[in-house]
2 protein chains.
Amino acid sequence: MISKTLERRSGIAIWRQIADELRNEIATNVSVQNNRLPSETTLAKRFEVNRHTVRAALNALAKEGIVESRQGQGTFVRARKRISYPIGKRTRFSDGIGNQVQTTRGRLLNLSIDQATPEIASALYITPSSKVICLKTLSDADDMPLSRSTSWFCAKRFPDIGTAYQTTGSITKALTQCGIADYLRQSTEIEAHHATMADTEYLQLSPGAIVLVTQAINSDMEGNPIQFSTTRFAADRVSLAIINA
Amino acid sequence: MISKTLERRSGIAIWRQIADELRNEIATNVSVQNNRLPSETTLAKRFEVNRHTVRAALNALAKEGIVESRQGQGTFVRARKRISYPIGKRTRFSDGIGNQVQTTRGRLLNLSIDQATPEIASALYITPSSKVICLKTLSDADDMPLSRSTSWFCAKRFPDIGTAYQTTGSITKALTQCGIADYLRQSTEIEAHHATMADTEYLQLSPGAIVLVTQAINSDMEGNPIQFSTTRFAADRVSLAIINA
DNA sequence: GTATATTTGTTCGTATGTATT
DNA sequence: AAATACATACGAACAAATATA
């Protein structure tokens, strides 16, 4: 007999479904006593599967660095904190997570000059099909990829944003070089999706992993939008903190 | 030869990895022309898999209601909008999504009186181990489950919050009955996780699905926290909109 | 209208991976 | 460790519906 909630034919192997469930419970400290998971036989009974299957799940979690099994003792969780990424009027990447990690780094993956799509044009208050500069970047925290972004800027207003980013490795600093001393986050839209193939490659994720996708508009102090961007975070490495200042 | 980014032996069937990728591309309108997906044979060539495998992926997306295949014509995407859930100082469930759906409904799943854990106590500014009322609720939009919440209230201050919710089906109305005419969202923390077994059951999700998890604190107009809650949204049905008013 | 190409739908068989006993 | 059952993936062919020249 099989637990009702474990689905076969779902395209997700049973051991992986158990791994996902345990990862969740570890994150919320359910069924974890003294940093120790229940024994393999206990888990096998609970999920109504063979012990082999539980071992496959624990093996996967061990590879992710979440748990550690010690012969004769049991399976223990290894403490790992998510990086808290604050989102508010004054959202900035490096400042926001700066006190939680040692190093942050931004790399330019790609730069292109495109025609503004209707969506981008309406976000930036420019006429459709006017030129925009598109920056694809990858951000690391402590040499672990955290997020990848695609940002659009009005090409007329910020012709040198690309080189400015490349030399500084930071959007905020690049905007400063382009004459924007300060800016504000106008809106943020958040969704969660399964990782695409590009995500698994750039963010070093495994298939089935989750990305938090944000769409944001930043504007200058006069309220004119200057940047439209979508950012894809490795969901298991961050939590987004909304600040209602 | 196999595409590098499609991982075998990962515990996720290839057809499901392709389904995840296509779901993403449909959401961002990549590789969709005139509402039509590329043919099965071209997709099979692109992913370097057999056409059967592509068909399994499309079949899964059809079951989710995302695409529709018509013999001789092709596979078409069915328009479906996510419900936008605004998060700001004045976040309220029914008000926020009221103009996007016909009906909203809240049901009480469970009520219990517990000792406050350290986390809950510090969130509600009460002494640890004092009594709190715990409400587990399920919210529908147009008879489709959208989110499930667990909320904690100080039992001393809101002894009747449970019955008030049960009669009104709304936290806002229940708080009104308990003497809170108005309240503000103080903080919101957002994470994304794989659906747990309880999620798949209550929110009618399939294994491997995603939930957006928010932790929020609401406070009265004097700034005293009155409600601490965690909400789990079916990620494919909502997008969270952050308002920096 | 007819022939042809395109596209989805179906049925065999075979090999490999997954889960249980 | 080995045997068994089931799920997943591939390959080749053919049928049925539609589109196009």
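FYI, side chains are in, hydrogens and waters are out, and symmetry mates aren't considered; it's all heavy atoms of this structure.
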Are Val67(A) and Arg78(A) close enough that some pair of their side-chain heavy atoms sits under 4.5 Å apart? no

Please state whether the phosphate of dA7(D), meaning OP1 or OP2, lies under 4.0 angstrom from any side-chain nitrogen or oxygen of Arg9(A). yes

Are OP1 or OP2 of dT6(C) and a side-chain N or O of Thr41(B) less than 4.0 angstrom apart? no

Quick one: look up who dA19(D) pairs with, Watson-Crick or G-U, both distances under 3.5 Å, and put none if it's unpaired. dT4(C)

If you check the Asn50(A) side chain, which of dA9(D), dT21(C), dG9(C) turns out closest? dT21(C)

Taking only N and O in the side chain of Thr53(B), is any of them less than 4.0 Å away from OP1 or OP2 of dC10(D)? yes

Show the distances under 3.5 angstrom between N or O atoms of the protein and N or O atoms of nucleotides 10-14 of chain C.
| unit_1 | atom_1 | unit_2 | atom_2 | d |
| --- | --- | --- | --- | --- |
| dT11(C) | O4 | His52(B) | NE2 | 3.1 |

Heavy-atom side-chain proximity of Thr150(B) to Asn110(B) below 4.5 angstrom: no

Any side-chain heavy atom of Glu119(B) within less than 4.5 Å of one from Phe228(B)? yes

Figure out the CH2/C1' separation between Trp15(A) and dG17(C), and round it to whole Å. 11 Å

Whole-Å distance, Gln17(A) CD to dA7(D) P, equals 13 Å

Applying a 3.5 Å limit to both distances, which nucleotide forms a Watson-Crick or G-U wobble pair with dG13(C)? dC10(D)

Rounded to whole angstroms, how far apart are CG on Asn59(A) and P on dT18(C)? 13 Å

Non-neighbouring partners of Tyr165(A) that pass ring-ring contact (aromatic ring centres under 6.0 Å, His included), sequence neighbours left out: none

Specify the separation, in whole Å, of atom CZ of Phe47(A) and atom P of dT20(C). 12 Å

Can you tell me the distance, in whole Å, between the CD1 atom of Ile14(B) and the P atom of dT18(C)? 10 Å

Under a 4.5 Å cut-off applied to non-hydrogen side-chain atoms, are Arg237(B) and Arg82(B) in contact? no

What is the distance from CD of Glu7(A) to P of dA19(C), rounded to the nearest Å? 14 Å

Reckon Gln73(B) has a side-chain N or O less than 4.0 Å from the OP1 or OP2 of dA19(D)? yes

Around atom CD of Gln73(A), are there more than 12 heavy atoms of other residues, nucleotides or ligands at under 6.0 Å? yes

Using whole Å, what does the distance between atom C1' of nucleotide dA7(D) and atom CZ of Arg8(B) come to? 15 Å

Rounded to the nearest angstrom, tell me the gap between atom CD in Glu48(B) and atom P in dA9(D). 15 Å

Options dT20(C), dC10(D), dG9(C), nucleotide nearest the side-chain atoms of Gln71(B): dG9(C)

Sole candidate of Glu21(B), Arg23(B), Arg16(B) that passes side-chain hydrogen bond (donor to acceptor under 3.5 Å, both in side chains) when paired with His194(A): Arg23(B)

